[in-house]
Colleague: 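Quick one: this structure, given as structure tokens, is what I'll be asking you about.
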Amino acid sequence: MRPNTSIRVRLTIWYGGGLALIMLLFATALYVVMARALEDQIDRSLEEAAVAASRSLEEHRFGPFLLLDDLAQAFPELALIDKFFQIFGPQGQVTLQSANIKTRNIPLSQTALQSSLQGRAVFETVRFHDEIPIRLLSYPILHGQTLVNILRVGTSLQPEEEMLARLVFVLLIGSPLAVVVSVLGGWFLAGRALRPVDTITLTAQRIAGGDLTQRIETTSKDEIGRLASTFNDMIARLEASIRQIRQFSADASHELRTPLTITKGETELALRKPRSPEVYREALESNLEEIDRMSRIVEELMFLSRADLGEVHVASDPVQLDTLIQEIQLQAMVLGKERHIETTLGQVEPLQVLGDEWRLRELILNVVDNAVKYSSSRGTVQISLTQYHGMARIVVQDHGIGMTPDEQRLVFDRFYRTDAARAHAQKGTGLGLSICKWIAEAHHGTIEVASTFGQGSCFTIALPLLPATPVR
Ligand code: ADP
């Protein structure tokens with residue numbers, strides 16, 4: 001069958017073919033069983049007649065020559081119209097036959113004679129040209145061991161032939177009719193069952209045309225219903241990720257356009273008229289700052305897209321977290337020096353995790369850098385490292401600008417920056433925390449924030465401890 005033939009046609013053909021085969025087998029079996037049963041029935045009735053007649057013959061002790069009248073009187077069954085009788089002498093010559101024998105003389109066959117001589121009855125079917133077949137039973141009548149007569153009972157097979165012919169006729173008409181009716185029913189049912197698939201195809205075509213808002217309407221919970229709801233879920237996810245990609249591209253171009261506009265504006269301004277070397281220097285320094293910012297955005301974007309593609313390698317070595325935190329605290333002191341922001345260490349336990357030291361440094365430093373960046377002058381930041389439920393818990397607490405609960409939910413999204421952050425510190429890409437989240441998760445850990453707007457924030461990073469660490 002060609003692969004592009006519709007399922008409906010294929011189902012119907014398979015169904016119709018299977019049914020036709022079953023009907024053929026059934027009709028053949030029925031015919032064979034019926035024919036065998038009819039033959040058995042005839043043979044039994046021939047046998048009964050032969051047994052009764054022979055008993056009667058023995059009772060009357062007829063000799064080798066019998067008179068039909070005597071026989072008919074002695075045994076009324078002989079007058080039965082559907083059977084005829086013949087009595088042969090022990091050499092096979094006809095001595096007597098009933099009047100209802102329609103066919104011309106039916107001689108005793110050699111087989112029948114031989115079987116009778118051996119004392120065995122034998123059944124035969126004979127068919128004269130264009131005449132109805134006849135079933136014959138040759139039954140030996142013995143006196144002691146000696147064959148006295150051979151009694152033959154015969155009957156026409158016409159009624160049985162007719163009955164079988166009628167059966168064949170009914171089967172020949174009935175079976176194809178049953179197949180045709182069932183095939184039509186199958187075609188209708190297959191059409192009904194496959195109609196929802198057509199609806200799915202139509203919706204899929206509309207979606208392929210670009211309309212991702214389309215959904216398949218489904219209420220049923222059957223296989224098609226489940227297919228439709230899986231399809232709807234898939235489209236919903238596709239729509240969400242396409243929206244995210246569009247939003248991401250819009251945000252990325254917006255974030256890159258700002259430093260570009262600043263650079264362009266400052267360069268144009270500097271070039272408008274001849275200026276002193278100091279002014280040029282200032283303009284170039286400002287441009288360099290914006291170029292730095294653009295490179296940072298591009299670098300961070302590249303990291304995130306490589307991370308999305310699974311191309312970022314994360315090493316798995318033992319990392320001494322307490323040492324790492326002490327080094328980061330010193331860096332934070334330098335970062336906060338200008339605005340007199342002090343970074344201190346709280347409780348620091350000697351803990352080891354399995355991971356990538358370079359990436360873990362990036363993660364913690366990013367959070368500590370934010371804490372310093374979003375603190376007010378003369379503020380304080382505290383870093384602590386403790387063990388909690390088999391995890392190393394790093395807490396970075398600041399007393400800076402803080403965030404509202406809605407903002408806290410969004411800070412790990414790419415390019416998200418709170419209004420307060422934009423007003424407080426111009427520098428920033430909105431990508432740092434997305435990277436932090438990715439690094440924490442790549443180490444099977446988590447990063448969370450708890451904050452009060454205007455009062456400060458507390459970032460908590462949890463990382464699984466090195467398996468050998470005794471759990472407290
Ligand atoms: P950015 O480069 O803007 O700092 P991040 O991804 O690191 O980007 O942070 C995203 C946003 O989360 C920041 O713009 C700021 O609004 C908010 N944020 C992060 N850390 C703090 C903090 N310690 N206090 C207040 N707001 C913070």
Colleague: Taking salt bridge (Lys or Arg N to Asp or Glu O under 4.0 Å) as the cut-off, I'd like each qualifying pair that reaches into residues 159-182, sequence neighbours left out, listed once.
Modeller: Arg127-Glu161

Colleague: Counting only N and O atoms by type, is there a donor-acceptor contact under 3.5 Å from the side chain of Arg339 to the main-chain atoms of Ser375?
Modeller: yes

Colleague: Is the closest side-chain heavy-atom distance between Glu282 and Glu266 below 4.5 Å?
Modeller: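 Side chain of Glu282 against side chain of Glu266, heavy atoms only: no contact under 4.5 Å found.
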
Colleague: Please indicate whether Arg281 has more than 12 foreign heavy atoms, meaning atoms of other residues, nucleotides or ligands, lying under 6.0 Å from its CZ.
Modeller: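 No, CZ of Arg281 has 12 or fewer neighbouring heavy atoms, counting only those of other groups under 6.0 Å.
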
Colleague: Without hydrogens or angle criteria, can the side chains of Gln320 and Asp322 be said to hold a donor-acceptor pair below 3.5 Å?
Modeller: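 Indeed, the side chains of Gln320 and Asp322 share at least one donor-acceptor pair under 3.5 Å.
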
Colleague: Can you tell me how far apart CG (Asp419) and CE (Met403) are? Round to the nearest 0.5 Å.
Modeller: 13.0 Å

Colleague: Taking side chain as C-beta onward, heavy atoms only, is Ile364 less than 4.5 Å from Leu324?
Modeller: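 Sidechains of Leu324 and Ile364: in contact.
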
Colleague: When you look at OH of Tyr280, are more than 12 heavy atoms from neighbouring residues, nucleotides or ligands closer to it than 6.0 Å?
Modeller: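 Counting other residues, nucleotides and ligands, OH of Tyr280 exceeds 12 neighbours.
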
Colleague: Please answer whether the main-chain N or O of Thr343 pairs with a side-chain N or O of Gln329 as donor and acceptor at a distance below 3.5 Å.
Modeller: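 Yes, Gln329 side chain to Thr343 backbone: donor-acceptor pair under 3.5 Å.
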
Colleague: Hey, is the main chain of Lys373 close enough, under 3.5 Å, to the side chain of His424 for a donor-acceptor pair?
Modeller: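 Yes; at least one donor-acceptor contact below 3.5 Å.
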
Colleague: Hey, does Gln352 have a side-chain heavy atom less than 4.5 Å from the side chain of Val319?
Modeller: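 Contact flag for Val319/Gln352 side chains = no.
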
Colleague: Looking only at side chains, do Gln347 and Glu349 share a donor and an acceptor under 3.5 Å apart?
Modeller: yes

Colleague: Short question: side chain of Ser45, backbone of Ile42 - any donor-acceptor pair under 3.5 Å?
Modeller: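 Indeed, once roles are kept as given, a pair shorter than 3.5 Å links the two residues.
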
Colleague: When rounded to the nearest 0.5 angstrom, what is the spacing between CD1 in Ile383 and CD1 in Ile328?
Modeller: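 So the gap between those two atoms works out to 7.0 Å.
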
Colleague: Can you measure from CD (Glu357) to CG (Asp317) and round to the nearest 0.5 angstrom?
Modeller: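 Those atoms lie 8.5 Å apart.
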
Colleague: What distance do Arg359 atom CZ and Leu363 atom CG have between them, rounded to the nearest 0.5 Å?
Modeller: 11.5 Å

Colleague: So, using side chain to side chain contact (heavy atoms under 4.5 Å, CB included) as the criterion, who are the partners of Ser295 when residues are at least two apart?
Modeller: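 Side chain to side chain contact (heavy atoms under 4.5 Å, CB included) list for Ser295, sorted by chain: Ile291.
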
Colleague: What pair of heavy atoms forms the shortest contact from Cys458 to Val395, and how long is it?
Modeller: SG-CG1, 3.4 Å

Colleague: Does the side chain of Thr404 come under 3.5 Å of the side chain of Asp406 through a donor N or O and an acceptor N or O?
Modeller: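 Result is no, nothing qualifies.
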
Colleague: Mark yes or no for whether Ser115, through its side chain, and Thr111, through its backbone, hold a donor-acceptor pair below 3.5 Å.
Modeller: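 At least one qualifying donor-acceptor pair exists.
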
Colleague: If you compare all heavy atoms of Ala332 against all heavy atoms of Val368, which two are closest, and at what distance to 0.1 Å?
Modeller: CB-CG1, 3.5 Å

Colleague: Show your reasoning for whether side chain to side chain contact (heavy atoms under 4.5 Å, CB included) applies to Leu256 and Ile297.
Modeller: CA-CA 8 Å; Leu256 284 170; Ile297 292 176; 4.0 Å; yes

Colleague: What donor-acceptor contacts under 3.5 angstrom involve side-chain atoms of residues 226-233, with partners at least two apart or in another chain?
Modeller:
from	atom 1	to	atom 2	distance (Å)
Arg226	NH1	Lys221	O	3.3
Ser229	OG	Gly225	O	3.4
Ser229	OG	Arg226	O	3.2
Thr230	OG1	Arg226	O	2.6
Asn232	OD1	Ile216	N	2.8
Asn232	ND2	Ile216	O	2.9

Colleague: Would you say CD of Glu327 has more than 12 non-hydrogen atoms from neighbouring residues, nucleotides or ligands within 6.0 angstrom?
Modeller: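 Counting neighbours around CD of Glu327, more than 12 heavy atoms of other residues, nucleotides or ligands fall under 6.0 Å, so yes.
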
Colleague: Are the side chain of Asp356 and the backbone N or O of Ala315 linked by a donor-acceptor pair below 3.5 Å?
Modeller: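 Such a contact is found between Asp356 side chain and Ala315 backbone.
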
Colleague: Can a salt bridge be assigned to the pair Glu268 and Arg272 using a cut-off of 4.0 Å between side-chain N and carboxylate O?
Modeller: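 The answer is no: the pair does not qualify as a salt bridge.
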
Colleague: Tell me, which pairs form a salt bridge (Lys or Arg N to Asp or Glu O under 4.0 Å) where one or both residues lie in residues 430-440, sequence neighbours left out?
Modeller: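 Salt bridge (Lys or Arg N to Asp or Glu O under 4.0 Å) check on residues 430-440 returns Lys437-Glu441.
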
Colleague: Does the side chain to side chain donor-acceptor pair (under 3.5 Å) test come out yes or no for Arg135 and Thr155, once each step is laid out?
Modeller: CA-CA 5 Å; Arg135 187 75 173 159; Thr155 188; over 6 Å; no

Colleague: Output yes when a side-chain donor or acceptor of Ser451 lies under 3.5 Å from a complementary backbone atom of Gly456, and no otherwise.
Modeller: yes

Colleague: Is any side-chain heavy atom of Leu136 closer than 4.5 Å to a side-chain heavy atom of Ile134?
Modeller: yes

Colleague: Quick one: salt bridge (Lys or Arg N to Asp or Glu O under 4.0 Å) pairs with a partner in residues 295-311, sequence neighbours left out?
Modeller: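 Residue pairs passing salt bridge (Lys or Arg N to Asp or Glu O under 4.0 Å), neighbours aside: Arg296-Glu300, Asp308-Arg414.
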
Colleague: Report yes or no: does Thr418 contribute a side-chain atom to a donor-acceptor pair with the main-chain N or O of Ala421 at less than 3.5 Å?
Modeller: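 Checking the backbone N and O of Ala421 against the side chain of Thr418, a donor-acceptor pair under 3.5 Å is found.
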
Colleague: In residues 176-195, what donor-acceptor pairs under 3.5 Å come from side-chain atoms, sequence neighbours left out?
Modeller:
from	atom 1	to	atom 2	distance (Å)
Ser182	OG	Ala178	O	2.7

Colleague: Check for me whether Arg393 meets the cation-pi criterion with Tyr388, that is, NZ or CZ under 6.0 Å from the six-membered ring centre and within 45 degrees of the ring axis.
Modeller: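 Flagged: Arg393 positioned over aromatic ring of Tyr388.
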
Colleague: Gly336 and Val372: which non-hydrogen atoms are nearest, and at how many Å?
Modeller: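 Scanning both residues completely, I find the closest heavy atoms to be CA-CG1, 3.7 Å.
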
Colleague: Grab the two heavy atoms, one from Leu321 and one from Ala392, that are nearest each other, plus how far apart they are.
Modeller: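 Looks like CD1-CB, 3.7 Å.
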
Colleague: Could you tell me whether the side chain of Gln387 and the main chain of Leu351 form a donor-acceptor pair under 3.5 Å?
Modeller: no

Colleague: What residue pairs, at least two apart or across chains, pass ring-ring contact (aromatic ring centres under 6.0 Å, His included) with a residue in residues 294-345?
Modeller: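 Applying ring-ring contact (aromatic ring centres under 6.0 Å, His included) to every pair that reaches into residues 294-345, excluding sequence neighbours, yields Phe303-Trp438.
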
Colleague: Test Glu124 against Ser109 for side chain to side chain donor-acceptor pair (under 3.5 Å), laying out the working first.
Modeller: CA-CA 9 Å; Glu124 290 166 298; Ser109 70; 2.5 Å; yes

Colleague: More than 12 heavy atoms of other residues, nucleotides or ligands under 6.0 Å from CD of Glu217: yes or no?
Modeller: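 No, not enclosed.
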
Colleague: Tell me, which pairs form a ring-ring contact (aromatic ring centres under 6.0 Å, His included) where one or both residues lie in residues 395-415, sequence neighbours left out?
Modeller: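 Applying ring-ring contact (aromatic ring centres under 6.0 Å, His included) to every pair that reaches into residues 395-415, excluding sequence neighbours, yields Phe248-Phe415.
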
Colleague: Do any pairs count as a ring-ring contact (aromatic ring centres under 6.0 Å, His included) and have a residue in residues 161-181, sequence neighbours left out, and if so which ones?
Modeller: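 Qualifying pairs, neighbours excluded: none.
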
Colleague: Could you note down all residue pairs passing salt bridge (Lys or Arg N to Asp or Glu O under 4.0 Å) where residues 245-257 supplies at least one of them, sequence neighbours left out?
Modeller: Glu255-Arg293, Glu255-Arg422

Colleague: Do you see a donor-acceptor pair shorter than 3.5 Å between the side chains of Thr267 and Asn287?
Modeller: yes

Colleague: Could you check whether atom CE of Met234 has more than 12 heavy atoms from other residues, nucleotides or ligands sitting under 6.0 Å from it?
Modeller: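 It does: Met234 CE has more than 12 such atoms within range.
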
Colleague: Do the non-hydrogen side-chain atoms of Phe123 and Leu46 ever get within less than 4.5 Å of each other?
Modeller: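 A side-chain contact exists here, since the closest heavy-atom pair is under 4.5 Å.
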
Colleague: Taking all heavy atoms of Ile235 and all of Leu212, pick out the closest pair and write down the distance.
Modeller: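 Looking at all heavy atoms of both residues, the shortest contact is CG2-O, 3.6 Å.
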
Colleague: Go through the structure and list residues passing side chain to side chain contact (heavy atoms under 4.5 Å, CB included) with Ala50, not counting sequence neighbours.
Modeller: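 Partners of Ala50 by the side chain to side chain contact (heavy atoms under 4.5 Å, CB included) criterion, ordered by chain and then number, come out as Leu137, Tyr139, Leu151, Val153.
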
Colleague: In chain order, what residues pass the side chain to side chain contact (heavy atoms under 4.5 Å, CB included) check against Thr344, with sequence neighbours excluded?
Modeller: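 Listed in chain order: Glu342, Gln382.
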
Colleague: Minimum heavy-atom separation for Val279 to Arg275, with atom names?
Modeller: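 That would be CG1-CD, 3.4 Å.
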
Colleague: Between Asp211 and Gln214, do the side chains contain an N or O donor and an N or O acceptor separated by less than 3.5 Å?
Modeller: yes

Colleague: Is there a side-chain contact between Pro318 and Leu354 (heavy atoms, below 4.5 Å)?
Modeller: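 Result yes, sub-4.5 Å side-chain heavy-atom pair found.
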
